[in-house]
Structures are given as structure tokens and as C-alpha cells.
Amino acid sequence: MWEYTDKVQEHFMHPRNVGELEDANGVGEVGSLACGDALKLMIKVDENNIITDAKFKTFGCASAIASSSALTEMIKGMPLDEAEKITNEDIAEALGGLPKEKMHCSVMGREALEAAIADYRGVVLPMAQGEVVCECFGVTDLEIIRAIKESDLRSVEEITNFTKAGGGCGKCEDRLREILQQTVEGIAAEPKKPEKEQRMTTLQKIKKIEQVLEREIRPTLRKDGGDIELVDVDGDFVTVSLRGACSGCQSSRTTLKEYVEKKLREQVADSLIVEEDR
Amino acid sequence: MDCNSDKVIYMDNNATTRIAPEVVDAMMPFLTDCYGNPSSMHTFGGQVGKAIKEARARIADLLGAEPEEIVFTSCGTESDSTAILSALQTWPEKRHVVTTRVEHPAVKNLCENLAQLTGHKHRLTRLKVERDGTLNLDEYRDALSEDTAIVSVMWANNETGVIFPVEEMAAMARERGILFHTDAVQAVGKIPINMRENDIDFLSLSGHKLHAPKGVGVLYIRKGTPFVPFMNGGHQEKGRRGGTENVASIIGLGRACTLAGEKMEEENTRVRALRDRLEQGLLSSIPKSMLNGHPDKRLPNTTNISFEFVEGEAILLHMNEYNICASSGSACTSGSLEPSHVLRAMGVPFTAAHGSIRFSLSIYNTEEEVDFVLDKMPGIIAGLREMSPFWNPDQ
């Protein structure tokens, strides 16, 4: 069960401003049935550029409904240029916080607000013009970069929590990592040191090693007609067995130390020692 | 801590069940006075060993098995892992495993991560299911090969209650010399099982799904089946599973199995009737609602219904206000961003998968409870639909 704040519970059980706004002059629709949540935000802006009324319709879980409700309360009576500055963090804060896995609900609120304002002004949102990175949930690189900057995201998991990108088939994970790295490097203006490695259990280590083998090392070896299999992991000692053209080949030791060990040290833990099982 | 269980309408019995009062009574002496170690030489411990022997016989009785075919474990997941990894160690040269797309994570995630556990790459066949959640036996027949080490197919699905023809499938595997495992945690106690009349080699069951406590499970291992233990250690369970016995829970499970045998008739008549009343009532009073899963080839206690254009977590939280407990296959409740793998495998459209609710009943449910739920659900769904941008009352 999710741990929702009292404010989330209250907004969910008694949402404000639900329904259609007949004389709306700005409408923002985000999300879809397939994605599991969707929000239609309708605003009425007067001649002084003040949002005089707002209503919503939401399909989604408790935090999606609560985020929509809180958002309409926030923007009613607000000048347009002020409403434009509302971030997803503001929405989450108005609810006393959201579980981290549910932050995308507040992002959806902010996106709907932007879409409604853009609709009122008759302009096209730049976010939708980016390159779609996550095909499952239709998330663009521009949206991802923005979330990384605004909410100071530092891992792919956080990107998924905030934008849903990567939460479906997971095929875009490498691309997300790339965008994250580039964006973070851009912010820091200097390359960020690789995340300090944490102590891993042997099982985690095996999993990571298998991933690196599968993703990077095997494809390279296979090009030369070789292959590699993980035999054992004991502390820092990784025993592998070289197959095909690699087994017994003169340069196998070089391959092991200069390539396999180097890759594994870079990506798993820099204390690893790779040995061949004979 | 007071959990107010008497105020709750509990229709989430495929998640876990209430411990039967008779089971608690049977367990109490072993949580208090009778604390001896069943392996000890003295009478004080030895009498506990006798009680375990009796529990083992009770469980064997429910399954139509021999007592020595019953091995106690800590849970269904341990039983599943033990059976599958044992088969792979028995035949390390066989690198093919057959399972389904709708297994419980205990089997699904294990099978998808065998490489990490065994150090070998295995070919994995995940059998598809039809729109009504049933299996296609032709695909199964074609999947079996010389290289197949084990087949693992659940007896009944936890989300839809759909029952698979595991006995027929086990016979087909036996002909080819392939071991067959079934995760029967949802089936045991709800439908009759007789291991003397089938070819299933391994069967997993879990105590807390049949009114015994959490933390005890069983792996049935057919006599003569090659076996490699998962947990090595002491001589307990004839060396097949080391570790001092979870005595009280084992005694409880024994009692629960006898009770389940006695209540089998009621489960398949009164509980089934309650389930049908609930199901038909919901489907007829709530527009755009539909049943997920085959209507007949199904456990008597389970119904999985989709309410289109609304989201499952929101439904559950409204039900929670009325103290009604159930589950959902929606993305928001699964802890991931996608709806249940079972409903997706069945091809349930997204419009419906996100709004699926599973009700799973037990012998402790009453007609009044069913009527209360029938009274509250239409209002909950209508309220959420009014809020949904996809809902058009005229469609």
C-alpha cells in the first residue's frame, strides 16, 4: 500500500473542481488510457490574463486525481505569468509530498497546465517536438532533460519515477543513461565522477557482470568467432571461460586482462580480478 | 495491535487467508509448552517429532500422496525454486525450460533469471494464453524437446483463477521423460487433487493460502524422482531440506489441510454460489464491466472483473473506505508502470486492464457481505467515471 499524506487522501476522496468547464478558453490534455493515467485541464482566462476558473477530468490513481485537484486550487485567481512558473515540485508540495514512484503524477499536472496555457495562447509546446525516447509512454528527450534539471535527478530509476520513461519494456534504458550523463555533465560543466560504487552482494555483482558480458563483451568476442561464459564469482575474483575461437588462442590472456577485466572494472567494480577457468 | 478484522469484508483470499481458529488451537501448544526439538533423543523433543509425522500424514491425505513425498519448506517460493533448480542440476546438459506467460513471479522471475543462478544459458519457452486465459496444448506439445529439463505450469492462476490442465500436460511430459512441476498454491484446498492418479513430479503449496500461517510451505516430490536439495544442512526432511522445522506452523498446516478436505464440498457449492452472485451482480449493475478469464475452467472462489475507463488503485482506495479488501491488476498497484503481466498476456485491452479488480472469497464470507459489496460498487465506479476524461455515458 502506498503511503499517501492526509492531503493526498483528502483531495482524492473529495476532489475540487471536477467536471467540464463550458466556457474554457484553454484546454490541456496529457497522458492516455494506455499509459494508465490521463488529465484534461480546462482553464478560463480573462482579459487581464488572470485564470478565473479551472476544472479537470482525470483517469488515474489516487495521486493523479489529488494532483489534478490541488493544481486547480492553486491556479484559480492566479495571473497567467505566475501560473507558468508552477513546477511539479510545487504541486507535490501542495499535497504534503508524494511517494517517489508517484512523482510522475505531479509532472502530469504541470504538463497539462503548460498545454492549457499554450492552447490559450495558440502556440505549440516545444516539449512535444523532441525525439521520442520512451516509446511505451511517449516521452521525448526534451521532457526528460527538463525533468533531470528541474528535479535534480541522478539515476535512471528517478527519471522513470518522474517521467515514466523506461517504465515499460525498458529498451530505452541505455539512451536514458546517456541523456542523464550528458545533462548532468552540462549542469556541472565538468564531467561528473562515476557514481561512487556501493558495496554489492555477490548476487548483485553476478547480475551486473552478466549484464556487461551480455551487452558489451559477448557481441565483441562473437565478431571474432569467440564467446565467454561466467563460471564463478568469489569476492573480487571473477572466473570466466573463453569459448570458440577465443579458447586456447595466443592472445586470450591479453583479451582477458586488457579487455574483459577493464570493462568489468569500469562498469561493475574497480577491484575485480578476472581469471580464466582452465 | 488491533487490526479490526471483524469490521473488514475480506475478499482477498488469493493474497492470503485468515488462519482458521481450529488451526490456531492446534498450534498453541507448540508455541508454548511443547518447544522441544523434534530431532532430539529425549521424549520431550521426540513427541514433537511425532506431531510433525501426524501433520505430514494429514497433508499427504489431502493431496492423495504418501507421507514421505511431503517435504516442508518455508513458503511457496522456496518450493518452486527447489523443484526447478533441482531438475536443472539433475540434468545439467539439458538447457530448455517450459513455463507460461502467466506464472506467479515466484516461477516467472526465477525462470527468467536462470543464467545468473546456474551459470548456464537456458532456452525458455513461455507458453501463450488465449483471450480467456486458457492454454493452447498444441503449442505445449510442440515446445517439448529432447533438451527440455523441466516444465513448470501453475495449477490455477492467482489473478484470474483459471485452471490449467496440468494432469494432462504432466502425462505428455512423462512420455518424453521430462520432469513436471506445478505451482499449486492457489489450487490446493479449493479443488480436489489426487497425486496417485497423475504424473506430476513436483507440486508446491503454501500454508497461508489455505488458512494456515505464513512461513510454511510444502514441496511434494514424487517417490523415485531424482532430487538435489536447495538448502543443505542437517538431516531434517531426510536430508532433502536442512534446517530445524517450523514446528508450530507445520502442525497448523496439517490441521488446515484436514479442514480444507472437510470444507472442499462447501468451497465448491456455497462459496462458488457467493462468487457467482457477486460476479453476476457486478456485471449486470455496472455498465462496461467484463469478466477476465474463462467462466467455467476456474477456481470456485475467484472472479476478476474489469471496469473500463477507471483505474484500479482509485477503485481499491474507495472500497477501502468501506473496509472492503480486494486486489487490482492495475499498473499503480503492481508497483510498476504497466498493468499485470497476466492480463497483458491474455490481451485484455488497456482500457480494461488498468481497471481490473480481483475478488477472492473464502468459506468465511457471507451473503450479507456479498450484498454489501454489490450495494457499494456501482456508486464507486460511477463516481470515478464521472471524473474520467474517457468516460462517455452515452456510448
Side-chain angles (χ1 to χ4, degrees), chain A residues 1-2 4 8-9 12-13 15 18-20 29 31-42 56-66 68-69 101-102 104-105 134 136-137 160-161 164-170 203-204 206-211 213-214 229-233 239 241, chain B residues 12 15 95 109 112-121 306-322 325 327-341 343-344 348-356 380 383-393:
Chain A
M1 200 167 182
W2 300 109
Y4 287 130
V8 173
Q9 294 269 16
F12 166 65
M13 289 309 293
V18 178
E20 297 283 342
E29 288 182 81
S32 77
L33 260 179
C35 295
D37 46 22
L39 161 58
K40 180 183 181 187
L41 179 71
M42 294 148 276
F56 78 93
K57 282 200 151 187
T58 292
F59 160 76
C61 57
S63 50
I65 290 169
S68 313
S69 168
E101 294 87 349
K102 296 284 191 174
H104 60 84
C105 295
C134 169
C136 296
F137 294 107
T160 308
N161 287 339
K164 290 181 134 188
C169 68
L203 195 65
Q204 287 169 323
I206 295 173
K207 279 190 180 171
K208 276 194 112 166
I209 292 171
E210 261 299 335
Q211 276 172 5
L213 285 179
E214 187 59 40
E229 204 161 327
L230 182 61
V231 178
D232 192 20
V233 177
T239 313
S241 148
Chain B
D12 204 9
R95 297 286 172 86
N109 290 346
E112 287 169 5
N113 291 293
L114 286 175
Q116 285 150 17
L117 293 163
T118 64
H120 299 302
K121 258 231 167 315
S306 278
F307 305 101
E308 283 194 273
F309 310 112
V310 283
E311 197 279 330
E313 183 201 298
I315 303 172
L316 286 182
L317 289 179
H318 276 285
M319 290 165 66
N320 190 49
E321 290 292 304
Y322 296 113
C325 304
S327 285
S328 167
S330 89
C332 286
T333 55
S334 67
S336 77
L337 291 170
E338 294 202 315
S340 114
H341 69 283
L343 299 182
R344 273 185 292 150
V348 174
F350 277 110
T351 52
H354 285 294
S356 70
I380 292 174
L384 286 169
R385 277 179 177 169
E386 236 168 77
M387 218 185 289
S388 168
F390 303 110
W391 174 245
N392 173 3

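Residue numbers start from 1 in every chain, and the chains themselves are labelled A, B, ... in the order their sequence lines are given, proteins ahead of strands.
The contact between A/E214 and chain B is made entirely by side chain atoms (from C-beta outward), counting heavy-atom distances below 4.5 Å. Heavy atoms closer than 4.5 Å to chain B are found in the side chain of A/V18, but not in its backbone. Of the two parts of B/E321, only the side chain, counted from C-beta on, holds a non-hydrogen atom closer than 4.5 Å to a non-hydrogen atom of chain A. If you measure heavy-atom distances from A/L230 to chain B, the contacts under 4.5 Å come from the backbone alone. Residue contact with chain B, scored on non-hydrogen atoms closer than 4.5 Å, is absent for A/S68.
Judged by distance alone, the side chain of B/E313 and the main-chain N or O of A/A62 form a donor-acceptor pair under 3.5 Å.
The shortest non-hydrogen separation linking A/A38 to B/P389 is O-CG, 4.2 Å. For B/A314 against A/G60, the heavy-atom pair with the smallest separation is CB-O, 3.6 Å.
Using a 30° and 60° split on the angle between ring planes, B/H354 and A/F59 fall in the perpendicular class, above 60°.
Listed by chain and residue number, A/K40 satisfy the side-chain hydrogen bond (donor to acceptor under 3.5 Å, both in side chains) test with A/E20 (two or more places apart in sequence, or in another chain). Here B/H341 pairs with nothing under the ring-ring contact (aromatic ring centres under 6.0 Å, His included) rule; sequence neighbours left out.
Between A/K57 and B/M387 the shortest side-chain heavy-atom distance does not fall below 4.5 Å. No side-chain heavy atom of A/I206 sits less than 4.5 Å from a side-chain heavy atom of B/L117.
In this structure, B/S388 OG and A/I65 CD1 are separated by 9.0 Å, a value rounded to the nearest 0.5 Å. To the nearest 0.5 Å, atom CE of residue A/M13 and atom CG of residue B/L317 are 8.5 Å apart. Annotation: the span from B/E311 atom CD to A/T58 atom OG1 amounts to 11.5 Å, rounded to 0.5 Å.
Put simply, of B/H318, B/K121, B/R385, the one with the most heavy-atom pairs under 4.5 Å next to chain A is B/H318.
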